[in-house]
Amino acid sequence: MYDVYEIRKQFPMLREQKYMQGKPLVFLDNASTTFKPQCVIDAVVKYYSEVTANSHRGDYDLCYNMDVEIEKTRKVIAKFVNCDFKEVVFTSGDTMSLNLIAYSLGRKILKKGDEVVLSYAEHSSDILPWYQVCNEVGAEVKLIPLSEKGELLPENLDKVMSNKTKIVSIANVGNVLAYTANIKGLTAVAHKYGAYMVVDGAQSVPHNKTDFKDWDIDFLTFSAHKMCGPTGIGCMIGKYSILEMMDPFIVGGGNNVTFNTNQQVDYLEPPVKFEAGTLNLAGIMGFKAAVEFIDSIGIENIHKHDQELFDYAIEKLSQLDNVIIYNKEARGGVITFNVKDVFAQDEATLLNSKGIAVRSGQHCAKILNGFLKTPATCRMSTYLYTTKEEIDALVNALKEGGNILDAYFN
Amino acid sequence: MPTLTNDMMRSIILDHYSHPLNKHDAPNSNYEKVHMHSDNCIDDLDIFLLVENNIITDACFNGVACAISTASTDIMCELLRGKNVDDGKYIIEQYHHMIHEEEFDESVLEEALAFINTSKQAARIRCATIGWNAADEILKDK
C-alpha cells in the first residue's frame, strides 16, 4: 500500500489547506471530478509553454513531436486498460464517447424494431444518446432490472435480451450505488445474442482494474478528469474491426485523405477517422501524465484504499440513527445516503457550511429514483488521496446534525 | 418594519417550509401556470397565479422542493396575493435586489426579508428565487 499523506503532498489542492465557508475543505465529491497532482498540471503547462504545435499538420519538428506524444499517450492508455493502442480514440470525455458510439455505431446498425439494453442505474450520458438514436430509427430501449441490493446481474440481463437486441450499454460501476458489475459475465450474455457490449468506465476505470481484452467487451469509455487528469479529454476504445466498419460521428479537419466535388470522401483509418478537428493536445499530455501517475501508485492499491475507506465509513455511518445508507455493500468509492427527514439538497448545503463537499440530487441517474424510493440523495465519494480524517469530518458533521438553516445563520 | 433577528428569520423559514400555506394545485383552470425546474437542485415546481382586472387575486404552487424554495415561494404567494400587477412586479424586483446583495426597498418584503442571508450559500440562490422567477414570467407581459 501507499502512504496517503505523502501522496497528498503532490496535489496543490491538498498540499496547503484550502478553505470553504471559512472551514478546512473536505472534498468528498470525487465521483464528480478529482484533484490534479503536480505532474499532470506540469504536463498541461508544458504543452502551452514549451511544445505548442498542432498535430498532423506540419513538416517541422514541433508538429512531429506532438504526433509522437499523441501516439505515446495512446500506448500508455492501451497498456493501462489492456487494448491495442490503435483502438484508443480521443474524445472530450465519457459523454462524448458514448454519443460517438450511439451515433457512429447505433445509427448505422439499428433498424426499426431493434432493441438497445441499458440498466436502471445508468447515468444520463449512457441513456440519452441511446434515446436520441432509438427515437430516430424507431428502435426501443429496454432496461435491466436491478437486484434487490441494486446490483447488475448477468441472469437479469439474460431476461431482457432477445434476438432483437443489437447493443448492450452499461456502466461497470454505477455513479450512485457503485456496485461493481461482473462485466465478463454480462458480456458473455450480450454476445450470446450477438449484441455489441459497450461499457461505460467513467466511475470504474479510475478505481478498478480494467481489462478490455480479457472481458472481451466491444467498447469502453472514460474521462481523464475523474482519474486526476485534465477536464475536456477522455477516450472511446473500440475493437478495431468494429471501428473500421463505423462511420465517423464528427467530420472535418484532418480526418480525411481526399474529397472531391462529387461529395465522395475517403476517410483516414481509425482512430484518426474519429478525431476530426484539432484535438485537446494539452489535455492529451495531461491525460498521459495522469495514467502514469495512477499506474505508479497501482490501480489495485487504489481499489484497496477505496474499500478500506468504504468499510471505515460504513462502520461509522451505521452507528448514526439519523442516516439512511442506500448501498451498504457496494465496497467502492461511493456512499449514497440521506439524513432522515432532511431534503438532500438542504443537507448538502449544511455540509457546505461546514466545509464539506458532497453531491446531492439525482446524480444524473434519473430513472433510479423509483428503485431508491426517494426523490434525491446525498453522495459522498472518495479517491486515492482521501483520508480517514476526512471521513471522520463528515461523520462528525452528520452526528452534530443541526438545523438545516444553520448554513444561513451562523 | 422592525429589524428581524436571526432567530425570527429562522423560524419564519422553518414555519413556511414545515407548514406551507399555499402549497397546493390551482383550484380551477383560470390560473396561469409556469413550470420551473432547477439544474442544481431537485426543485421541480408549478407556480400558479390568478390575475383578474390587473389584480393578483391568488397565488399558489406545488411540486417537489427543498426547504429554501418551498419557504421562499410560499412567502411570495402571501406577498403577492391582493396586489396589483405593478406592485407585484416591484416586490419581486426588490426581492431580487436583496438576494443579490444590492440596495433594496425593505418596506415591501415583510417575511421575505428572512432570505437576506441566501448569498452565504450561493448554490442555493436558485432555490430562493425559483418561485419568484416563475411569477415574474407570468407578470412580465401584463
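All figures in this text were calculated on a predicted structure; none of them were measured in a lab. Just so we're on the same page: letters track the sequence lines, and every chain starts at 1.
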I'd like to know whether [atom1] of [X] has more than 12 heavy-atom contacts from other residues, nucleotides or ligands below 6.0 angstrom.
X	atom1	answer
B:E102	CD	yes
B:N54	CG	yes
B:K120	NZ	yes
A:Q132	CD	no
A:Q17	CD	yes

request  = Check whether B:A128 gets within reach of chain A through its side chain, its backbone, both or neither, counting any heavy atom under 4.5 Å.
outcome  =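 Contact with chain A is absent: no heavy atom of B:A128 under 4.5 Å.
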> Between B:N117 (side chain) and A:F409 (backbone), is there a donor-acceptor pair under 3.5 Å?
Replying inline: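 A pair under 3.5 Å: no.
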pair B:I68-A:T349: side-chain heavy atoms closer than 4.5 Å
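No - every pair of side-chain heavy atoms lies 4.5 Å or more apart.
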For residues [X] and [Y], report the shortest heavy-atom separation together with the two atoms involved.
X	Y	answer
B:Q121	A:S353	NE2-CB, 3.4 Å
B:C66	A:Q345	CB-CB, 4.4 Å
B:V64	A:P375	CG1-CB, 4.4 Å

Taking only heavy atoms into account, what residues of residues 10-35 of chain B are found under 4.5 Å from chain A?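 Expected list: B:R10, B:I13, B:L14, B:Y17.
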- Message: Taking side-chain contact (heavy atoms from CB on, under 4.5 Å) as the definition, give me every residue that meets it alongside A:L143, ordered by chain and number, with sequence neighbours left out.
- Response: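 For A:L143 the side-chain contact (heavy atoms from CB on, under 4.5 Å) partners, ignoring immediate neighbours, are A:L118, A:Y120, A:V141, A:I367.
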How long is the gap from OH on A:Y408 to OG on B:S119, to the nearest 0.5 Å?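 That separation rounds to 10.5 Å.
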Handout entry: Interatomic spacing from CG in A:L405 to CG in B:D7 - rounded to 0.5 Å
Key =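 Rounded to the nearest 0.5 Å, the CG-CG separation comes to 11.0 Å.
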